[in-house]
Novice: 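Shown below is the structure under consideration.
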Amino acid sequence: MYTIGGIYCMLPSSENNYQPVKNSQTKLDQFLVCGLGSLGQHCVAILKEYGAVVNAIDQEEPKNWQVPNLLDLLEQLLIGDCRQTSILEQANISQCRTILLVTGNERVNIEAAFAARLLNPQVRLVVRSDKQNLNELLSQNLGNFIAFEPNQISASGFAIAALGDENLGCFQLEGHQLRVVKHQVKPSDQWSNKWHVCELNTLCRRVLNHTNNPSCLPQEFHQWEPEARLQPGDIVIYLEVTEQLQVKQLATQSRYNWQQLWQEIVLGRAWKTLKQKIAYLWQASDRYQSLRVAIICGITVFFLWCFGTVIYSLNYPETNIVEAFYATAMLLLGGYGDLFGGINFKTPPELAERMPGWLRLFSLGLTVIGIGFVGVLYALLTNALLSSRFQFFNNYQPLMPKNNYVVLIGLNRVGQRVAALLQELKQPLVGISSTAINADFINKIPLIIGNISDALDKINFANTKSIVVVTDDDMENLEIALMAHVHSPTTHVVIRTYDRYFSDNVARLFPYAQVLCTSAISAEVFAAAAFGENILSVFHFDTKTILVVEYMIEAGDTLNELLLAEVAYGYGVVPILYQKFKRSPVKLMPTDNIRLAVGDRLIVLANSNSLQRIERGEMFPRTWQVQVEKVLAQDAIFDGANEISLISGCNMSTARKLMNNLPGQLPIALYKQQALYLVRRLSKLRVTAYLKPFAQDTE
């Protein structure tokens, strides 16, 4: 999962702010948290926000309470070994919907997962573990099992924070690269003074937030005015598709799945995929230049080979096509003298003497062209072999970037993951570490190994973009950040911490620094996964977390049979991908008029509050109504009824009755953006309509 932003401050929930969904009440079972370290305590706090009943197990009562009044949040706290059957039974494991195993020992977590599965075959297992291969195998064999590693979860947040520019988040989805951007409108922008906010929404872009006051962003998704005209100084936050990575993956794929090929042929996508692959190779960066040359040379030689075989076969019918094939190959490899110097591809030798002059000239041309192109292929192959040999034997150290680079301090597992993500984003960086680094990592980025204080003196801070400090010690991270601030007071600083109180205090005392608490970020993911959600990525910005969540629609859940407009505006999420059924084409940035059904797949951007509303089936109230006045053309009655039924979700008979008895108002309430969209669509159909506040007595 990834975040957009801490920009979203949520309103406190109250009964007046929500509208329950009919027949969708969700039963909240018990949850069990094993391990009350920093991560475990934050998990308990977030689970309680969902309204869950939470029990906990720990080896001893925690001495460092990072969550105030944590004991009051727990139904019961058991002191003991969570791997023991008796302890799990005392914690009512048989009544638990989910067990979160978040101790600091991976072996304990896995062993406790086995014990819990034996006692409750249906319990969901959410495990803290970094053993990726083992986690995948356990998921396949145990079922209802998911594992996360807090350091890996938080790495993306540090990478995005390091960019320090308009980028608030970045993630991959179904072969596409998506990013979240915070943009301040400038007078020179094409949007300025011309576009309404709603006009920014396209097939590749979705507006997430808008404000004309940079110091006060809306508190929820969709809390912006669609008809507002963009002015210089306005802040717009939007999600956009930036790159189609699927093509890149196809370009480097070594083996092809024939079942997948057949599916693409059936769906009519095989030729499109091939064109995308060719287009990517042709437009790719310089690292594919040699490959492009090799492909062009190879195709040319192959074409001449086939063409020459046909020419010789047609001119010498008595010659076997196989012999013509080999003769052409010999010419392409420079064998002109062999063929016309007494050795021919067909006896008797007088065939060469009877050869027309144009054919002899063609044969010479084949030899000349073949020598040139085959020579190029040999050169490329030799260059590749020598380059790989020198790279293997030479201890190559990348050059220090000149400007606009990130300084990454601390190259532990988190630091190396952050470095890898920044490289994927093509961000120049320099690594600093006080200890020796894994040999596999040494040649990937410029490194400074040694005392960190001395290393900072070697950095030209005037050209740095940001400084990210991710060592394993809170106090060391703070010390390094303060030293870096002394060197360059204007440089953006990102600090890694583990304690929420410490993070909050540092953020208040040093406002120039962006402080990210690993446990707080990860707890959002673990808690959401505890309710069965599939968390794809997470973003963090300004201490807030946004999740990319995947839903598979099932009978009886709170999303079934809702329009995407109702899901988006009712629960406060942003639908970004919809798939009707497995293996069907996916729709990025789907339209609001799609109705969900059992078996559908939906991916949304959501925060913790949104997920809680979905879990409980509590929607924001619909407060707007559409008044339809008149039609300007007779055919608009039919088309207008269709549009009303499609966008509002009412049945067709209700829509036709309205259109045949104008003026009148739609008898169902809508969300504001949903109603505005309906009014705009009716206007295009020459139907006059407008919005009005919903009157309760009209239902």
Novice: Ignoring hydrogens and angles, tell me if any N or O in the side chain of Gln41 forms a donor-acceptor pair with the backbone of Ser38 under 3.5 Å.
Specialist: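 No, the answer is negative, given that no donor and acceptor are paired below the 3.5 Å cut-off.
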
Novice: For the rings on Phe526 and Phe148, is their centre-to-centre separation under 6.0 Å?
Specialist: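 Between Phe148 and Phe526, which both carry aromatic rings, the centre distance is below 6.0 Å.
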
Novice: Can you tell which of Asn477, Asp472, Asp474 makes a side-chain hydrogen bond (donor to acceptor under 3.5 Å, both in side chains) with Arg496?
Specialist: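 Going through Asn477, Asp472, Asp474 one by one, the side-chain hydrogen bond (donor to acceptor under 3.5 Å, both in side chains) with Arg496 is satisfied by Asp472 alone.
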
Novice: Looking only at heavy atoms, which two atoms of Ile87 and Gly80 are closest? And how far apart?
Specialist: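 It is CD1-CA, 4.3 Å.
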
Novice: Could you tell me whether the side chain of Leu605 reaches within less than 4.5 Å of the side chain of Val573, counting heavy atoms only?
Specialist: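 With C-beta onward as the side chain, the pair stays apart.
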
Novice: Asn109 side chain to Thr103 main-chain N or O, any donor-acceptor pair under 3.5 Å?
Specialist: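 Indeed, once roles are kept as given, a pair shorter than 3.5 Å links the two residues.
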
Novice: Looking only at non-hydrogen atoms, find the nearest pair between Ile46 and Ser608 and report the distance.
Specialist: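 Between these two residues, the closest heavy atoms are CG2-OG, 4.0 Å.
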
Novice: At what distance, to the nearest 0.5 angstrom, does CG of Leu88 lie from CG of Asn120?
Specialist: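 Nearest 0.5 Å value for the CG-CG distance: 10.5 Å.
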
Novice: Do the non-hydrogen side-chain atoms of Ile576 and Leu173 ever get within less than 4.5 Å of each other?
Specialist: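 Yes - at least one pair of side-chain heavy atoms lies under 4.5 Å apart.
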
Novice: Between Asn593 and Thr591, do the side chains contain an N or O donor and an N or O acceptor separated by less than 3.5 Å?
Specialist: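 Yes, because at least one side-chain N or O of Asn593 sits under 3.5 Å from a partner of the opposite role on Thr591.
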
Novice: Any side-chain to backbone donor/acceptor pair from His176 onto Glu174? Under 3.5 Å, distance only.
Specialist: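 Yes.
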
Novice: Closer than 3.5 angstrom, by distance alone: can the side chain of Arg124 be matched with the main-chain N or O of Ala529 as a donor-acceptor pair?
Specialist: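 Side chain of Arg124 to backbone of Ala529, a donor-acceptor pair under 3.5 Å: yes, one is there.
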
Novice: Check the pair Asn135 / Leu137 against side-chain contact (heavy atoms from CB on, under 4.5 Å), numbers first and verdict last.
Specialist: CA-CA 5 Å; Asn135 295 339; Leu137 294 171; over 6 Å; no

Novice: For the residue pair Val127 and Phe145, what are the closest heavy atoms and their distance?
Specialist: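 Distance-wise, the nearest heavy atoms are CG2-CE1, 3.6 Å.
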
Novice: To the nearest 0.5 Å, tell me how far Leu138 CG sits from Phe114 CZ.
Specialist: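 Here the interatomic distance stands at 5.0 Å.
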
Novice: Find the distance between CD (Gln90) and CD (Gln84) and round it off to the nearest 0.5 Å.
Specialist: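 Result: 9.5 Å between the selected atoms.
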
Novice: So, applying side-chain contact (heavy atoms from CB on, under 4.5 Å) with Val180, which one of Ile160, Leu208, Ile546 is it?
Specialist: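 Exactly one pass, corresponding to Leu208.
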
Novice: What orientation do Phe31 and Phe531 show, parallel under 30°, tilted 30 to 60°, or perpendicular over 60°?
Specialist: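 Judged by the thresholds at 30° and 60°, the geometry between Phe31 and Phe531 is tilted.
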
Novice: Which salt bridge (charged side-chain N to carboxylate O under 4.0 Å, His left out) pairs, counting each pair once, include a residue from residues 40-57, with sequence neighbours left out?
Specialist: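 Of all non-adjacent pairs touching residues 40-57, none passes salt bridge (charged side-chain N to carboxylate O under 4.0 Å, His left out).
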
Novice: To the nearest 0.5 Å, how far apart are CD1 in Ile521 and CG in Leu39?
Specialist: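 It is 11.5 Å, given to the nearest 0.5 Å.
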
Novice: So do Leu602 and Pro575 actually touch side chain to side chain, heavy atoms under 4.5 Å?
Specialist: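 They are in contact (side-chain heavy atoms under 4.5 Å apart), so the answer is yes.
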
Novice: Determine, step by step, whether Val126 and Ile99 satisfy the side-chain contact (heavy atoms from CB on, under 4.5 Å) criterion, reporting the C-alpha distance in whole Å, the side-chain angles of both residues, the deciding distance to 0.1 Å, and the verdict.
Specialist: CA-CA 6 Å; Val126 181; Ile99 178 172; over 6 Å; no

Novice: Which heavy atom of Arg117 sits nearest to which heavy atom of Leu142, and what is that distance?
Specialist: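 Heavy atoms of Arg117 and Leu142 come nearest at NE-O, 3.5 Å.
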
Novice: With a 4.5 Å cut-off on side-chain heavy atoms, are Val574 and Val604 touching?
Specialist: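 They are not in contact (no side-chain heavy atoms under 4.5 Å apart), so the answer is no.
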
Novice: Would you confirm whether Ser503, through its side chain, and Thr497, through its main-chain N or O, come within 3.5 Å as a donor-acceptor pair?
Specialist: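 Between the backbone of Thr497 and the side chain of Ser503 there is no qualifying donor-acceptor contact (under 3.5 Å).
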
Novice: Do any N or O atoms from the side chain of Ser610 and from the backbone of Gly572 form a donor-acceptor pair under 3.5 angstrom?
Specialist: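 Such a contact is found between Ser610 side chain and Gly572 backbone.
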
Novice: Let me confirm one number: the CD-CG distance from Gln59 to Asp81, rounded to the nearest 0.5 Å.
Specialist: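 If I round to the nearest 0.5 Å, the distance is 5.0 Å.
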
Novice: Check whether Asn534 reaches the backbone of Glu550 with its side chain - one donor and one acceptor, N or O, closer than 3.5 Å.
Specialist: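 The answer is no, because no donor-acceptor pair under 3.5 Å joins these two groups.
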
Novice: Is the shortest heavy-atom distance from the side chain of Leu163 to the side chain of Gln427 under 4.5 Å?
Specialist: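 Yes - at least one pair of side-chain heavy atoms lies under 4.5 Å apart.
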
Novice: Is it the case that the side chains of Asn144 and Gln122 hold a donor-acceptor pair, with the cut-off being a distance below 3.5 Å and no angle test?
Specialist: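 There is no such pair between these side chains.
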
Novice: State whether Arg413 and Asp130 are salt-bridged, where the test is any N-O pair (Lys NZ or Arg NE/NH1/NH2 against Asp/Glu carboxylate O) under 4.0 Å.
Specialist: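 Judged by the 4.0 Å cut-off on N to carboxylate O distance, Arg413 and Asp130 do form a salt bridge.
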
Novice: Hey, does the Lys NZ or Arg CZ of Arg613 hover above the aromatic six-ring of Tyr571, less than 6.0 Å from the centre and inside 45° of the axis?
Specialist: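 Negative - Arg613 is either too far from the ring of Tyr571 or too far off its axis.
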
Novice: Does the pair Glu561/Arg595 count as a salt bridge with the N-to-O cut at 4.0 Å?
Specialist: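 Between Arg595 and Glu561 there is no salt bridge, as every charged N stays at least 4.0 Å from the carboxylate O atoms.
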
Novice: Does Asn412 reach the main-chain N or O of Gly415 with its side chain, forming a donor-acceptor pair under 3.5 Å?
Specialist: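 Answer holds: yes.
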
Novice: Would you indicate whether the side-chain heavy atoms of Val549 and Ile603 approach each other to under 4.5 Å?
Specialist: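 Side-chain contact under 4.5 Å: no.
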
Novice: To check you understand the geometry: which heavy-atom pair defines the closest contact between Val241 and Leu588, and what is its length?
Specialist: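 Looking at all heavy atoms of both residues, the shortest contact is CG2-CD1, 4.1 Å.
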
Novice: Got a sec, which residues hit side-chain contact (heavy atoms from CB on, under 4.5 Å) with Glu554, two or more places apart in sequence or on another chain?
Specialist: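 Partners of Glu554 by the side-chain contact (heavy atoms from CB on, under 4.5 Å) criterion, ordered by chain and then number, come out as Asp557.
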
Novice: For a 4.5 angstrom cut-off between non-hydrogen side-chain atoms, does Tyr578 reach Asp600?
Specialist: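 The answer is yes; the side chains approach within 4.5 Å.
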
Novice: Closer than 3.5 angstrom, by distance alone: can the side chain of His42 be matched with the main-chain N or O of Ser522 as a donor-acceptor pair?
Specialist: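 Judged by distance alone, no pair lies under 3.5 Å.
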
Novice: Using side-chain heavy atoms (C-beta onward) and a distance below 4.5 Å, is Leu536 in contact with Phe171?
Specialist: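 Sidechains of Phe171 and Leu536: no contact.
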
Novice: Tell me the closest heavy-atom pair linking Ala159 and Leu421, and the distance in Å.
Specialist: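 Closest approach of Ala159 to Leu421, heavy atoms only: CB-CB, 3.8 Å.
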
Novice: I'd like to know if the side chain of Glu111 and the backbone of Arg83 have a donor-acceptor N/O pair within less than 3.5 Å.
Specialist: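 Not a single qualifying donor-acceptor pair exists.
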
Novice: Output yes when Glu106 and Arg128 qualify as a salt bridge under the 4.0 Å nitrogen-oxygen rule, no when they do not.
Specialist: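 Not counted as a salt bridge, because no side-chain N and carboxylate O are separated by less than 4.0 Å.
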
Novice: Go through Asn55 and Ile57 one step at a time and tell me if the side-chain contact (heavy atoms from CB on, under 4.5 Å) criterion holds.
Specialist: CA-CA 7 Å; Asn55 299 321; Ile57 300 174; over 6 Å; no

Novice: Evaluate the side-chain contact (heavy atoms from CB on, under 4.5 Å) criterion for residues Leu71 and Leu77: first the C-alpha distance (whole Å), next the side-chain angles of each, then the deciding distance (0.1 Å), finally the verdict.
Specialist: CA-CA 8 Å; Leu71 290 178; Leu77 170 60; 3.6 Å; yes

Novice: Find the distance between CG (Leu563) and CG (Asp592) and round it off to the nearest 0.5 Å.
Specialist: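 So the gap between those two atoms works out to 8.5 Å.
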
